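Every value quoted in this text rests on a predicted model; they were computed, and no experiment measured them. Both backbone and side-chain heavy atoms feed into the values below; hydrogens, waters and symmetry mates do not. Throughout, numbering of the chain's residues begins at 1 and tracks the sequence.
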Amino acid sequence: AIPGTNLMSSSSPLSGTTGASPDRESVESGAKKSSISSGGRVHDRKEFLHRFVDSESLTENLKTWYEETIENSTHKEPSFDVPFELIDLQKFDYALGGVPFQQLIRMPSAIYASTSGAAEATAYLALEDFLHASVKGLWEAFWGQDETLPFYVSCVYSSNLRFYQAEKAISKGRLGGLCATAVMLKNPRHPQGKWDDILELAILRSDIGSLATVENDRKPCLSILGEALFLALRVLVARSISRSNIPLSLNSVFVLLVDTQYGGVLKVEGDIRKLEMDLNDVYGCAAEWVKNNASITISPIDRIWNKLGNANWGDIGALQALYATFHSITQYAGMSKNSIEDLAADHSARLQARRIERQLGDSWVNGNGLFRFQQRSASPEIVEVHEESFRLEPDKSMKLEIGSIVLIEDSNWKKEYQINEVLTDGEIPYYIASSVEDPDTTSFLYVGSHPSQLEPAWEDMKLWYQVQRQSKVLGVMKQKELSSKYLPQLNASGRIIHPGQCRRPSSGGNCDRQGCGTPVLVTSPVGRTVADMVRLGQFGTDEAIRCCHDCLSALSAAASAGIRHGDIRSENVIFVNAGVRQTYFVLIGWGHAILEERDRPAMNLHFSSTNALQEGKLCSASDAESLVYMLYFSSGSHMPNLDSVEGALQWRETAWSKRLIQQKLGDISAVLKAFADYVDSLCGTPYPMNFDIWLTRLKRHIPEEDHGKQIDTSS
């Protein structure tokens with residue numbers, strides 16, 4: 001945070017004071033209504049701010065309006081609407097599932113806050129820390145960790161309406177003069193802060209919790225409402241005359257209303273250009289603007305801090321405050337790089353990981369990760385129900401048969417593919433297909449969920465990772481011109497269409513023809529998976545060494561573009577031997593690849609790295625660790641029965657400490673044993689993989705095939 005300037009030597013209550021600030025300078029010339037020229041309007045608004053310094057005067061002018069508003073309210077029609085819909089808060093809650101927030105300064109107990117000066121000081125420090133943790137967590141999650149945080153938190157001092165950090169105000173004995181806390185933009189030209197730098201305000205008062213009762217729901221007392229409106233109006237007027245090129249909204253501002261336990265959100269919205277600038281009666285014309293042009297919405301007051309002073313980040317009180325802060329940041333930074341919908345979609349992946357931990361079978365859950373219950377007729381008796389009767393058919397993706405013709409629309413063309421073979425990775429089907437125009441060339445064809453089955457954010461996550469997410473990753477590789485024969489090539493990414501007129505409703509939605517609009521991905525080359533080779537007894541010593549070399553080559557090429565795989569297993573490595581001079585392996589299944597810090601790898605109890613299981617993240621050697629596990633299990637080692645993350649971690653600790661993995665790989669080849677030792681020494685450290693040295697060593701142990709000179713395309 002940018003430090004504030006030294007405090008003024010004088011202080012007085014917020015109402016009815018004068019001081020040396022420009023905001024308090026008297027105007028000697030006679031006040032006139034706003035002139036027509038823009039220069040006159042700017043001048044009048046500056047003068048308005050100079051005179052608009054007393055919250056109690058505004059509150060007095062709003063008294064009649066407030067009483068009428070309360071009288072006209074009913075239980076079904078409260079005095080004020082809410083700023084946020086519950087469904088939006090729920091989606092925002094899903095998006096924040098993987099976002100870390102940490103308030104370090106605890107909010108003091110409400111029992112002591114009203115009587116202890118030390119507790120009051122701590123409360124202001126805790127509020128500053130809460131706001132800082134909020135903007136930092138939201139900024140890094142939605143706008144990116146690579147971007148420098150452009151905000152800081154400061155307090156508004158009542159006697160001069162300037163900005164100081166709470167710690168400095170406390171050290172100067174000015175605690176009683178603080179009237180609000182603000183999230184502000186860093187302004188190098190004005191490091192002390194200006195009113196048009198404010199993104200969001202928070203008012204700390206001792207009686208906010210009393211508004212949490214049903215009787216007082218969204219009925220703040222006039223003094224709190226008047227002070228919040230006073231501060232919001234100053235921000236809006238200051239923005240309207242700002243020379244800054246930062247596009248903060250001229251029409252809305254959020255104010256948090258908090259005490260040491262409870263809090264809510266007040267939003268003031270309205271066209272500030274309609275404010276009549278009668279400088280002889282600034283409070284009267286401000287009150288008229290509130291009555292006639294402002295839309296005021298107030299959220300329910302709910303708990304933010306628990307009795308230990310920790311913020312309940314996942315509860316509705318803190319969630320409302322975070323959502324207001326998110327919208328305030330959006331006013332400054334525009335739409336976030338990572339949308340709420342994108343982050344909310346990760347919720348299903350986290351549910352899937354939790355289901356693995358809890359040993360839940362796939363047949364008990366539907367495509368969006370929510371448990372289904374079977375509706376039965378009412379009966380007072382307890383009856384025995386067989387487990388099989390509860391097994392529900394999952395949402396079916398489009399099923400294709402051998403000989404089926406699929407018409408695919410890519411961004412630039414339409415092409416027909418014929419299904420030659422139906423395969424499965426053990427969970428979902430995929431296909432080997434050939435272009436009708438070129439039947440000798442085969443490709444893998446992956447089909448996703450039809451968009452009419454579920455909302456896009458909650459569709460079947462396995463299919464989503466296999467098709468849409470993998471399409472994105474392979475597209476990124478193509479854009480970055482990664483060239484390696486050990487990586488899959490993106491042939492087509494589009495949707496299935498049908499001949500003739502599409503019967504899509506004019507109002508939007510999907511065509512009722514089967515499969516129309518279903519996302520599809522086409523890649524090459526094709527080959528047998530390592531899992532199939534192991535079942536057929538075709539994965540020997542030479543294949544293990546070549547597989548290790550080729551997978552490392554793929555990982556090296558991807559790492560050069562900052563991409564990690566995150567889901568290495570025997571079903572995601574194929575052996576290519578048809579139509580090539582020299583056989584090789586290709587690392588496929590890039591749907592769970594790590595492109596950004598927020599991405600999470602797949603969770604697999606047998607193949608995931610230790611870091612992935614413990615922290616949900618990859619270190620530099622995590623993919624290599626998964627490759628070692630794949631080679632270990634594919635070379636005849638017994639696959640243990642792992643039913644929990646804890647059990648998987650315990651097996652890894654035992655296997656490495658007793659050198660079981662190194663011994664098994666040593667029976668195959670000394671170079672594989674040495675590679676396992678290297679990976680073991682690197683896991684959990686920040687040191688990068690040295691791909692080149694191991695590619696060179698592994699290449700020496702690959703049997704030469706007499707096919708003439710070959711061009712090395714490993715990088």
Side-chain angles (χ1 to χ4, degrees), residues 14 55-56 58-59 62 66 69-70 73 78-84 89 103 105-117 119-131 133-134 153 155-156 158 166 175-183 200-232 253-268 296-313 315-325 328:
L14 183 59
S55 68
E56 289 188 5
L58 175 63
T59 302
L62 292 172
Y66 175 81
T69 302
I70 298 300
S73 66
S79 310
F80 304 98
D81 288 335
V82 295
F84 313 124
L89 289 172
Q103 179 179 343
I105 302 177
R106 303 292 189 261
M107 185 64 78
S109 171
I111 299 175
Y112 306 104
S114 60
T115 58
S116 168
E120 185 180 0
T122 305
Y124 269 103
L125 294 173
L127 178 58
E128 276 193 348
D129 198 45
F130 172 81
L131 293 174
S134 299
V153 182
C155 289
V156 182
S158 60
L175 178 63
L178 300 181
C179 63
T181 306
V183 177
E200 179 184 56
L201 287 154
I203 297 176
L204 178 64
R205 294 293 177 268
S206 61
D207 52 354
I208 299 296
S210 63
L211 308 176
T213 61
V214 175
E215 297 78 9
N216 291 329
D217 188 25
R218 299 201 298 279
K219 294 180 183 177
C221 62
L222 179 57
S223 61
I224 294 175
L225 180 61
E227 188 170 354
L229 291 173
F230 166 77
L231 295 169
V253 63
F254 289 93
V255 182
L256 308 185
L257 310 175
V258 301
D259 61 15
T260 57
Q261 290 181 314
Y262 292 86
V265 175
L266 180 144
K267 181 183 180 184
V268 182
I296 300 169
T297 52
I298 303 175
S299 74
I301 303 299
D302 219 302
R303 189 137 193 164
I304 294 181
W305 293 278
N306 60 26
K307 293 182 179 180
L308 292 176
N310 299 303
N312 297 319
W313 296 105
D315 211 346
I316 192 74
L319 198 63
Q320 291 175 150
L322 287 170
Y323 202 37
T325 305
S328 299

*State, with a plain yes or no, whether a side-chain heavy atom of Thr297 is found less than 4.5 Å away from one of Val82.*
no
*Between atom OG of Ser299 and atom CG of Leu257, what is the distance when rounded to the nearest 0.5 Å?*
7.5 Å
*From Ser328 OG over to Leu131 CG, what is the distance, rounded to the nearest 0.5 angstrom?*
10.0 Å
_Close side-chain approach of Met107 to Phe130, heavy-atom, < 4.5 Å_ = no
*Between Ile304 and Gly263, what is the shortest heavy-atom contact and its length?*
CD1-CA, 3.6 Å
*Find the distance between CD (Gln261) and CD1 (Ile208) and round it off to the nearest 0.5 Å.*
12.5 Å
*Measure across Ser206 and Asp259 and return the closest heavy-atom pair with its distance rounded to 0.1 Å.*
O-OD2, 3.9 Å
*Min side-chain heavy-atom separation Leu266-Ile224 under 4.5 Å*: no
_Check whether Tyr66 reaches the backbone of Leu225 with its side chain - one donor and one acceptor, N or O, closer than 3.5 Å._
no
*Atom CG of Leu222 and atom CD of Glu227: how far apart are they, to the nearest 0.5 Å?*
11.5 Å
*asked:* Taking Phe84's backbone N and O only, do any of them form a donor-acceptor pair with Gln320's side chain (distance below 3.5 Å, no angle check)?
replied: no
_Quick check: closest heavy atoms across Thr260 and Pro108, and the distance to 0.1 Å?_
CB-O, 3.5 Å
*Between Asn306 and Asn312, is any pair of side-chain heavy atoms under 4.5 Å apart?*
yes
_Exam field: side chain Asp129 to backbone Ile105, donor-acceptor pair closer than 3.5 Å_ = yes
*List for me each residue that meets side-chain hydrogen bond (donor to acceptor under 3.5 Å, both in side chains) alongside Thr325, sequence neighbours excluded, and say none if there are none.*
Glu200
*asked:* Looking at Glu128, is its backbone amide N or carbonyl O close enough to the side chain of Thr181 to form a donor-acceptor pair, meaning the two atoms are under 3.5 Å apart?
replied: no
*Do you know which two heavy atoms are closest between Leu204 and Ala123, and how far apart they sit?*
CD2-CB, 3.8 Å
*Is there side-chain contact between Arg106 and Asn310, with at least one heavy-atom pair below 4.5 Å?*
yes
*Working to the nearest 0.5 Å, report the span between CZ of Phe230 and CG of Leu201.*
11.0 Å
*When rounded to the nearest 0.5 angstrom, what is the spacing between CD1 in Ile316 and CD1 in Ile301?*
12.0 Å
*Which heavy atom in Cys179 sits nearest to a heavy atom in Ile203, and how many Å separate them?*
O-CG2, 4.4 Å
*Which heavy atom in Ala324 sits nearest to a heavy atom in Val265, and how many Å separate them?*
CB-CG1, 3.8 Å
